[in-house]
Amino acid sequence: MAESSPQIQERSKDFEEDMATPDVQNVGMKIQRGADRYKSYGGIEDKPTKAEVLIWYLYGLCSYFVHTVLIPIVFPLIISQTVPGAPEPDQGWLKSHKGLKCKQSEMQLYERLVHGAVEVGSLNFSPLEWTSISWITGLILAAPILGLVSVNLDYGDNQQLIAGAATGKHFFKREFVFSIGALFCLPAGFFKKSWIFPPYIAAIVAASTIVGATHARHLGLMIRGFTGSTIRKSQFADRRSFGSWLSLYSTAAGCLGAAIMASFTFHMLSQSDQFTALWVVSIFSGLKWGVGMIHIFSTNRSTSSYNDPLSNANPLIHVISIFKYPQAAGSLAGVFLSSFTTTCVFAGGLLYAIGYLCIKTESILYLWLAYFVCPLLSLPLTHPLQQFMRADAEKMQLLGFILSTFTSGFGFYYKSSIWSTGSIILFAAIQGSAAGLLHAFGRVLWLDCSPAGKEGAFSVWFSWARALGACAGFALATTLPGNIGKTFGVSFCAGIIGMIIVIFGNISSLRGAKAAGHVIRSENASPLHKLEDGSDYTKGSVAMEDPTQRKAEV
């Protein structure tokens, strides 16, 4: 355990020597200095303040829409306006691909999205496929950067993100990385050419993935600040309640932000010059994302005190340390599959509703609102339900998989039927709640399995796997826009596999927290137990409080 490791014992010895230093004569100064050194050696975090929590929510509000609205909806629509118009389909403009009556404008919009009008040599790609290529390019670019980011998140000064490989000096701060993503939303309409969008989208994807890792890491530090570095098993319910509450409300705030941007996008589609109108949407997306920079500047928690010289010197060792923790490695598969399933169902169902069922234009807005607004009610209500059931993040993630497979299973079974608009909106609401549950509790389960001092290294895996799953799900759904059976069938299978991993993969919040060193059997929940005068500092530093009272304060 953490309290018996040689490093902790050595730090305890240094701590005692520091307390005995004769240069500090004042007793009050000596106690304060001892407390500061205790926090440094023991990994104690300050409890999150009300302002810190609200600003953390603000970033969720300003960033969640990037992977749910900006990349999968706004950019394909913009790219579709840069290519020649699609040819008239065999059934004509006034009928859908299922033979239903349709408006010409609606079918033209659908055909522009799925028609392979982007020419690259001898290959042709649709705007949707072009977006997928740009998306995966951004993830490839982000992967090596994330390896450096992980070390700087855990051990660097001021959480600077990117380090110079040759000199070892930091030359980019996380504020700069964050600004890159927001700024690349602004010039989308300067050049009405499809080839310019891969750099734009790739930069946005890379930046959002990197900064998403810092956002997830910050949650881990706030949870540790509330509960302490290590706790007893009887106190784990407090950690479970606090972490779930923070993640649920942050996801709900993100869904609100996504609903706002989806509504704005729908409104701008009614303009005569759609390209300029969608460019305005992209500009406002960048500005909104930029507002989230308040989180980057104002909530800068200290770097880890669990400094591992080997990991600090070798980023690769630090990054792959996740594989020493089977619980964390298993939960990573759940993160990927949940993101894949939810994005695939959303993108595939939306395209099928537009191009085959030809739902009314205003119904598209209702579908988006049902998908993003319903979690605003369902996610906060889930927290008291979880407390009543005493369910951990693993069981709540399982609930999300069940809801998602329920939606994809019904879609697959009734793939040949004519879905009513009411049914589509109902299942959109269910799927939106499933997506919120999977994201919120997947993040909590992941952090429960992340050891103290390595939240940064583990969070980069979480952020990248989540983005990779969303990209894969989007690519599958848009490559087979008319084959809803295969799209929903694969999504259903992915959800089943996710449930099998969660159930039979021996993944549990409590077991993962024990393996990560957050939960110990000893009554002393700290690596250092006594101050020089014999007082129990642990009792004052790691004392638990009622999460419902903390909730009321925040």
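Arg240 has no carboxylate O lying under 4.0 Å from a charged side-chain N of Asp448, or vice versa, which leaves the two without a salt bridge.
Ring centroids of Tyr64 and His439 are separated by less than 6.0 Å, placing the two rings close together. For an aromatic pair to be called close, the ring centres must be under 6.0 Å apart, and Phe323 with Trp461 satisfies this. The ring of Phe474 has its center closer than 6.0 angstrom to the ring center of Trp135. The six-membered or imidazole ring of Phe492 lies away from that of Phe412, with a centre-to-centre distance of 6.0 Å or more.
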(message) Leu139 vs Cys471, test: side-chain contact (heavy atoms from CB on, under 4.5 Å). Steps then yes/no.
(response) CA-CA 9 Å; Leu139 291 175; Cys471 177; 3.9 Å; yes

(request) I would like to know whether Leu128 and Leu351 meet side-chain contact (heavy atoms from CB on, under 4.5 Å); could you show each step before the answer? (result) CA-CA 11 Å; Leu128 292 169; Leu351 286 174; 3.7 Å; yes

(request) Could you walk me through whether Ser263 and Leu369 pass side-chain contact (heavy atoms from CB on, under 4.5 Å), step by step? (result) CA-CA 8 Å; Ser263 302; Leu369 291 179; 3.3 Å; yes

(request) Please lay out, stage by stage, how Lys395 and Met389 fare under the test side-chain contact (heavy atoms from CB on, under 4.5 Å). (result) CA-CA 10 Å; Lys395 294 182 177 62; Met389 298 173 57; over 6 Å; no

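Put simply, the side chain of Ile231 does not reach to within 4.5 Å of the side chain of Ile520, judged on heavy atoms. Two residues are said to be in side-chain contact when any heavy atoms from C-beta on lie closer than 4.5 Å; Phe462 and Phe336 fail this criterion. Inter-residue side-chain proximity for Thr405 and Met499 is flagged as met; some heavy-atom pair is nearer than 4.5 Å. Side-chain atoms of Trp130 and Phe75, non-hydrogen and from C-beta on, never get closer than 4.5 Å to each other. Counting only heavy atoms from C-beta outward, the side chains of Phe346 and Thr342 never approach each other to under 4.5 Å. For the pair Glu455 and Arg224, the minimum side-chain heavy-atom distance is below 4.5 Å. Here the side chains of Pro451 and Lys454 are in contact, with some heavy-atom distance below 4.5 Å. Residues Glu52 and Trp56 form no side-chain contact, since every pair of their non-hydrogen atoms from C-beta on lies 4.5 Å or further apart.
Contact record, Leu379 with Ala252: CD1-N, 3.9 Å, taken as the closest heavy-atom pair. For Ala328 against Ile322, the heavy-atom pair with the smallest separation is CB-CG1, 4.1 Å. Counting all heavy atoms, side chain and backbone alike, Ser194 lies closest to Ile79 at CB-CG2, 4.3 Å. Here the closest heavy-atom approach between residue Thr68 and residue Ala258 is recorded as OG1-CB, 3.7 Å. Between Pro127 and Pro76 the shortest heavy-atom distance is CB-O, 3.7 Å. The shortest non-hydrogen separation linking Tyr59 to Gly292 is CD1-O, 3.5 Å.
The OG1 atom of Thr251 sits 12.0 Å away from the CG atom of Leu61 when rounded to the nearest 0.5 Å. Remark: Ile223 CD1 to His518 NE2 distance equals 8.5 Å, nearest 0.5 Å. Atom OG1 in Thr407 sits 7.0 Å away from atom CG in Leu403 (nearest 0.5 Å). Between the CG atom in Leu381 and the CG atom in Leu248 there is a gap of 10.5 Å [rounded to 0.5 Å]. To the nearest 0.5 angstrom, Tyr200 atom OH is 7.0 Å from Phe197 atom CZ. The distance from the CG atom of Leu256 to the OH atom of Tyr57 is 14.0 Å, given to the nearest 0.5 Å.
The environment of Phe284 atom CZ is sparse: at most 12 non-hydrogen atoms of other residues, nucleotides or ligands sit within 6.0 angstrom.
Remark: side-chain polar atoms of Ser282 are not paired, donor with acceptor, to backbone N or O of Leu278 under 3.5 angstrom. Ser339 contributes no side-chain N or O that, together with a main-chain N or O of Val335, makes up a donor-acceptor pair within less than 3.5 Å. Looking at Ser285, its side chain does come within 3.5 Å of a backbone N or O of Val281 through a donor-acceptor pair. A donor-acceptor pair under 3.5 Å is absent between the side-chain atoms of Gln327 and the main chain of Ala513, judged by distance alone. Proximity of a side-chain donor or acceptor of Ser491 to a complementary backbone N or O of Ser408 within less than 3.5 Å is not detected. Not a single donor-acceptor pair under 3.5 Å links the side chain of Ser241 to the backbone N or O of Ala237. Of the possible donor and acceptor atoms, none in the side chain of Lys47 sits under 3.5 Å from a partner among the backbone N and O of Met222.
Below 30°, between 30° and 60°, or above 60°: for Phe242 and Phe226 the angle between ring planes is below 30°, a parallel geometry. Ring-plane geometry between Trp245 and Tyr249 is classed as perpendicular, the angle between the planes exceeding 60 degrees on a 0 to 90 degree scale with a lower cut at 30. Taking the six-membered ring where the residue is Trp, Phe458 and Tyr325 present perpendicular rings, their angle passing 60° and hence far from 30°.
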Cut-off 3.5 Å, no hydrogens considered: what does the side-chain donor-acceptor table look like for residues 429-438, sequence neighbours left out?
residue: Gln431; atom: NE2; partner: Ser404; partner atom: OG; Å: 3.4
residue: Ser433; atom: OG; partner: Ser378; partner atom: OG; Å: 2.9
residue: Ser433; atom: OG; partner: Ala429; partner atom: O; Å: 3.2

Please set out all donor-acceptor pairs under 3.5 angstrom arising from side-chain atoms of residues 202-212, sequence neighbours excluded.
residue: Ser208; atom: OG; partner: Ile204; partner atom: O; Å: 3.0
residue: Ser208; atom: OG; partner: Val205; partner atom: O; Å: 2.9
residue: Thr209; atom: OG1; partner: Val205; partner atom: O; Å: 2.7

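Under 3.5 Å, the side chains of Ser509 and Glu394 contain no donor-acceptor pair of N or O atoms. For the residue pair Arg443 and Ser247, a side-chain donor N or O sits within less than 3.5 Å of a side-chain acceptor on the partner.
In summary, of the residues considered (Gln386, Arg239, Gln387, His383), a side chain to side chain donor-acceptor pair (under 3.5 Å) with Ser244 occurs for Gln386 alone.
With Phe488 as the aromatic partner, Lys415 does not meet the cation-pi criteria of under 6.0 angstrom to the ring centre and within 45 degrees of the ring axis.
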